[in-house]
Structure formats: C-alpha cells, structure tokens
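Worksheet: the structure to be examined is printed underneath.
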Number of protein chains: 2
Amino acid sequence: MGASVTSRVFDLLGAFDAGHRSLTLSALARRAGMPLATAHRLVADLRRCGALDRRPDGEYVIGRRLWDLGLLAPVQTGLRQAASPFLHDLYGATLATVHLAVRDGVSALYIDRLAGHVSVPIVSDVGSRLPLHATGVGKVLLAHAPDDVVAAALTRLTRITPYTLTEPARLLAQVRRIRADGYATTGEEMSLGACSVAVPVRGPADEVVAALGIVVPTLRRERPRLVAALQVAAQGIARTLQ
Amino acid sequence: MGASVTSRVFDLLGAFDAGHRSLTLSALARRAGMPLATAHRLVADLRRCGALDRRPDGEYVIGRRLWDLGLLAPVQTGLRQAASPFLHDLYGATLATVHLAVRDGVSALYIDRLAGHVSVPIVSDVGSRLPLHATGVGKVLLAHAPDDVVAAALTRLTRITPYTLTEPARLLAQVRRIRADGYATTGEEMSLGACSVAVPVRGPADEVVAALGIVVPTLRRERPRLVAALQVAAQGIARTLQ
DNA sequence: TACTTGCCTTCCGCTGAACGGAAGGGGTGC
DNA sequence: GCACCCCTTCCGTTCAGCGGAAGGCAAGTA
C-alpha cells in the first residue's frame, strides 16, 4: 500500500475484525505488520482522537468516535429504514431471528439483524460477511447475482458444517430452484441446529436489492407459513421502496 | 489540537455530522478549518483507504470501511444485545417508536432505536445525542445522574419547542417526581406532535445504566398501560444483565 | 537470586512525506 | 467579457513521522 500516515492508520485499525475486537499493542503491531514503536505512536494519536479506547486490562478496542462516524455512512440507509418496520412484523409473526443482507462481491453483507429471546446458534451480526453458499440470504443473493459472480462463488464452496453444499453442480441446481420457487432454504449448512428460509427483496425496477431471511431451529411443517410471512414482508419493503 | 496527521484526519472526518452526511471538498475544508489543498490530499488518502466515498454528484460521504470499523466498537454491546428482544416486545405491545439511550456527559446518546410503520416526527437516530431536558429518556437519565451533571445540565436548558421546559426550578421538580414515580413523560417538548414515556434500566448493582423510552403521538389515557409495558421490558433487560 | 520471555514505553538523529501558497482549469451566472 | 465558485496539480521548504535501540516492568522458569 501507500506509505502515507493515513494508510498506516487504517492498516492499524484493520487489525481489528469481528474475531478480534480487542488487541494488545504488540498484537496490533504484529497484525498490522509494523514496528512496535510505530504502532505505539499511532495508537497514542488515535487514542487522543477517541478512535481507540484502552480497556482497564490494557487491551485496545475501537473507540466511540469511530462508532459515531460509522453510523453516518450511507450504507443502504434507505433500504434499512424502509425495511425496519417489516423486520419487526416478521419477528412478531415468527419469533425467529431476522436478517437483512445485501450482496457485497461474493459475500453476503448483513446490514440489519433482529434477534429474539431464544436464539439458535448464529454467527452473523450486523456488518459481518458470510459466504453466499451456506446461508438462506446468501443463496437468494447468489440466485439473483450476475453470472460471473455465480461462477466466482462456485469456486469457493468452503465446507463449514457436514451439511454444507460443496458440489458446484448441486448448488447450481438449487440456485435454479430458488429462482423458480422464489425462496431459499438451508438446513444446518452454516451452523448446526440452525435452519433458515429467505426470500428476495425487490426494488422499483423489480431487480433484487437485498435478501430477507429468518433462522429457526427446525423447519418441520412450518415452511409454507414462514415463506408466506417472509413474502408478505418482502413485498411490504418493496412497496415502501417505490 | 495536536498537529499530527492523525488528528488532522479526524478533524476532517469530524466535519461530518448527523446534519451533514455529505459534503463537498470545499465544505469539508471550511468546516475542518484547513487549507483546501490539505483537505484535498487527505481526502484522496481517505478515499484510497475506503474511509470516504465520492458520490456521483461529487460530494463526499463516510465510506463503508468506517461503517465496518464502527460496528466493532464495544459501545454498550452487552446492553444492546440484552435489550434487543425486549425492544421488539415493547414495539409489539405499543406499536410505538422505541428508544434505548445512555447518558454521555450532559447528553442522551441513543444506542438503539426501533421505528414502527407510523412514525411521529422524531429527530433521534442511533448515534445521535440529544439534550437531557427535552426527551423522555433524557429526563430519566438526568434524574439518575450525579449532582454535578444535573447542575451542568440545568445551565443549558435550550428551548426547542414552545413546550420545552427551560426553567431550572420546574425541571428540578420534575426530576424529583421522576425519581419517585419511576418514569418520565414529555409532551411535545422535543418535537411538536410527539409525546414520550421513559423508564430507567437498572444494572446488577441496581444502578441506572440506561433509559428505555417510547414516542407516541399522544398519551391520552394510555399512560398507565404504556408505563407498565415499559417497566416489564426494563425489568426483563435488568434480569438479562444480571 | 539470576535468567528468560513477554509485554509496554521512551529516546533521538535521519530523512522523506506532509504542507500549503500559488497557479490553472472547468462550470455557471450576469 | 468578468466574477465567482468549484476542483485539481505543482513544487520547494521544513518539520513531523519513522523505527532501531535501550530500558523498565511483571510473570514464569531454574
């Protein structure tokens, strides 16, 4: 990368991720690939700006200043606002964890999430990215992605659980069925004990702009009811987006 | 402030706020108080890092990179997660806009928000700060703040609507009543056509850690029912926090 | 106690990157 | 034509960032 101070700052901040929300100074320096003394100075600067906080145990975490700034980012603001009430309705109707995701390259980017009291084991969180082949919303986004994205995604079918689909042919068949049926399902393909149903959310030009999904312990005979509830919500969002 | 590049970067980013989510280069330079050429270079750096985006119309907005980073900040993560399901319950019971806020100095910092289909005019949003004297959650937080904070807050009773309380004595009387009653109300004190009810959320040591509030068009005879619903939710959150 | 290993912090001389005034290029209004 | 407002680029000066090195803690090992 460039050698500007700015890029160094973001190299350093890039050391944080969903699995590393707090780091020691040396871990920061190591992960960012810079000398300890340099990291030390940068961290001091960032702390002065409120971009980093130091917890009592000495580890550093992202500061409130960055939280503030991040919330100002126009990441699908319109979509999130339009969808918000329908997500609640959906939660009310299903009592399941509800997800709203958009496609970001070959990943599903979760832009909203609504967890219930009883949550099945779930790895997603707002801001996290998950592969397109192992989740309900991912499959929906995959089914409505351009051909080159589908091709790229099919080359990275990493196995996550024993039930994850890793054969391109089978996934491709599912993609076709999802397009025809208008919804996708998964069964413990992302995490054991969690099944999911998802439907596309369409924009004014009928293009798929997002995916709306729920996660439940088991589908059993609920599938038709859940799909119906999802479709009602998705259509509501679509009408609001008009 | 310091003159480090890092602090300059945050001076520049600080030009963005809830009312200025997109800015031209010159506006950025002006608001950050730096020469245009300097702002130009910094903006170029930030864009390269994904911290800023340029919209088609030429204005700059906070980029997705900062959104990602901001979501990693441990801003009341535990509280938000514990509260989330109860916020939904509360929405289900009241169909009102639901707010969760903590005190940040002499402001109420909104850390979660849940808007319904029919939303009364509301200025708050997640990440925004509002004064302690003009909102339901603000008054609750004020009523349970240390004396010096109360004193400081009483010196800044800015008028927002014709109904805003600006006399320290009257506000102080309300604060006492709020402590006694266990809930606060407002009537169009922050925005016309919006009333609110709020209750404290207590932590393991029975200290007030947050305020939970709802905004409705009018209180009428609903007040007892709304207060009851709020208290149920607040107690649920408190139990989860144990 | 003495040694090691891991943290964090401070120092300091060199150097190249940041700085910002100035100049220039496009657009719009009058 | 001129005036005004944007944005962009250039370039010589200078000073702030750099990072190796040294040192100070605290915990674990012999």
Side-chain angles (χ1 to χ4, degrees), chain A residues 1-66 69 72-74, chain B residues 1-66 69 72-74:
Chain A
M1 295 233 180
S4 68
V5 179
T6 308
S7 71
R8 277 168 207 273
V9 164
F10 280 90
D11 284 350
L12 192 75
L13 292 174
F16 293 95
D17 63 31
H20 301 84
R21 289 170 184 249
S22 71
L23 294 167
T24 63
L25 178 61
S26 4
L28 267 168
R30 210 178 311 121
R31 288 172 60 88
M34 61 178 66
L36 191 61
T38 306
H40 183 260
R41 186 169 23 79
L42 285 180
V43 162
D45 284 351
L46 288 169
R47 209 138 76 95
R48 215 171 302 124
C49 297
L52 285 184
D53 273 346
R54 186 165 206 186
R55 294 191 318 194
D57 64 4
E59 300 218 341
Y60 292 96
V61 293
I62 300 283
R64 183 175 280 179
R65 185 78 188 275
L66 282 176
L69 285 171
L72 296 174
Chain B
M1 294 233 178
S4 68
V5 178
T6 307
S7 72
R8 276 168 208 276
V9 163
F10 280 91
D11 285 349
L12 192 75
L13 292 174
F16 292 95
D17 62 31
H20 301 84
R21 287 168 185 253
S22 71
L23 294 167
T24 62
L25 177 61
S26 4
L28 267 168
R30 209 179 313 122
R31 289 171 60 87
M34 59 178 67
L36 191 61
T38 306
H40 183 260
R41 186 168 23 80
L42 284 180
V43 162
D45 284 352
L46 287 168
R47 210 138 75 96
R48 215 172 302 123
C49 297
L52 285 183
D53 274 346
R54 186 164 205 186
R55 293 192 319 195
D57 65 5
E59 300 218 341
Y60 292 95
V61 293
I62 301 283
R64 182 176 279 178
R65 185 78 188 276
L66 281 177
L69 285 172
L72 296 175

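These figures come from a predicted structure and were not determined experimentally. Order of the sequence lines fixes the chain letters, A, B, ..., with proteins taken first and strands second; residue numbering starts at 1 for each chain.
- In this structure, CG in L46(A) is found 8.0 Å from CG in L66(A), a value given to the nearest 0.5 Å.
- Running 5' to 3' along DNA chain D, contacts with non-hydrogen atoms of chain A at under 4.0 Å begin and end at dG17(D) to dG20(D).
- Closest-nucleotide positions on DNA chain C for V5(B) and R54(A) were compared, and the one nearer the 5' end corresponds to R54(A).
- Distances shown here put a side-chain N or O of T38(B) below 4.0 Å from the OP1 or OP2 atom of dG20(C).
- A salt bridge between R31(B) and D17(B) is present, with a side-chain N of the basic residue lying under 4.0 Å from a carboxylate O of the acidic one.
- Panel note: side chain R65(B), backbone F10(A); a donor-acceptor pair is recorded below 3.5 Å.
- Within residues 57-65 of chain A, the residues that place at least one heavy atom under 4.0 Å from DNA chain C are, in residue-number order, Y60(A).
- The CG atom of L72(A) lies 11.5 Å from the NE2 atom of H20(B); values are rounded to the nearest 0.5 Å.
- Across L13(A), V61(A), L42(A), a single residue satisfies side chain to side chain contact (heavy atoms under 4.5 Å, CB included) together with L52(A), and that is L13(A).
- Each of T6(A), L12(A), V5(A) was compared with T6(B) under the side chain to side chain contact (heavy atoms under 4.5 Å, CB included) criterion, and only V5(A) meets it.
- Of the side-chain N and O atoms in R41(B), one or more sit less than 4.0 angstrom from OP1 or OP2 of dC19(C).
- Closest approach of Y60(A) and F16(A) over heavy atoms only: O-CE2, 3.3 Å.
- Within residues 25-37 of chain B, the residues approached by DNA chain C to less than 4.0 Å at the level of any non-hydrogen atom are P35(B), A37(B), in residue-number order.
- Distance CZ (R8(B)) to C1' (dA17(C)): 13 Å, rounded to an integer number of Å.
- For D45(B) and R48(B), the salt-bridge test passes: some basic side-chain N is under 4.0 Å from an acidic carboxylate O.
- For D45(A) and L23(B), each mapped to the nucleotide of DNA chain D holding its nearest heavy atom, the one lying further toward the 5' end belongs to L23(B).
- Minimum interatomic distance between C49(B) and S7(A) (heavy atoms only, all atoms of both residues): SG-CA, 3.7 Å.
- How far CG of L25(B) is from CZ of R30(B): 10.0 Å, rounded to the nearest 0.5 Å.
- Nearest approach of S26(B) to L36(B), heavy atoms of both residues: CA-CD1, 3.8 Å.
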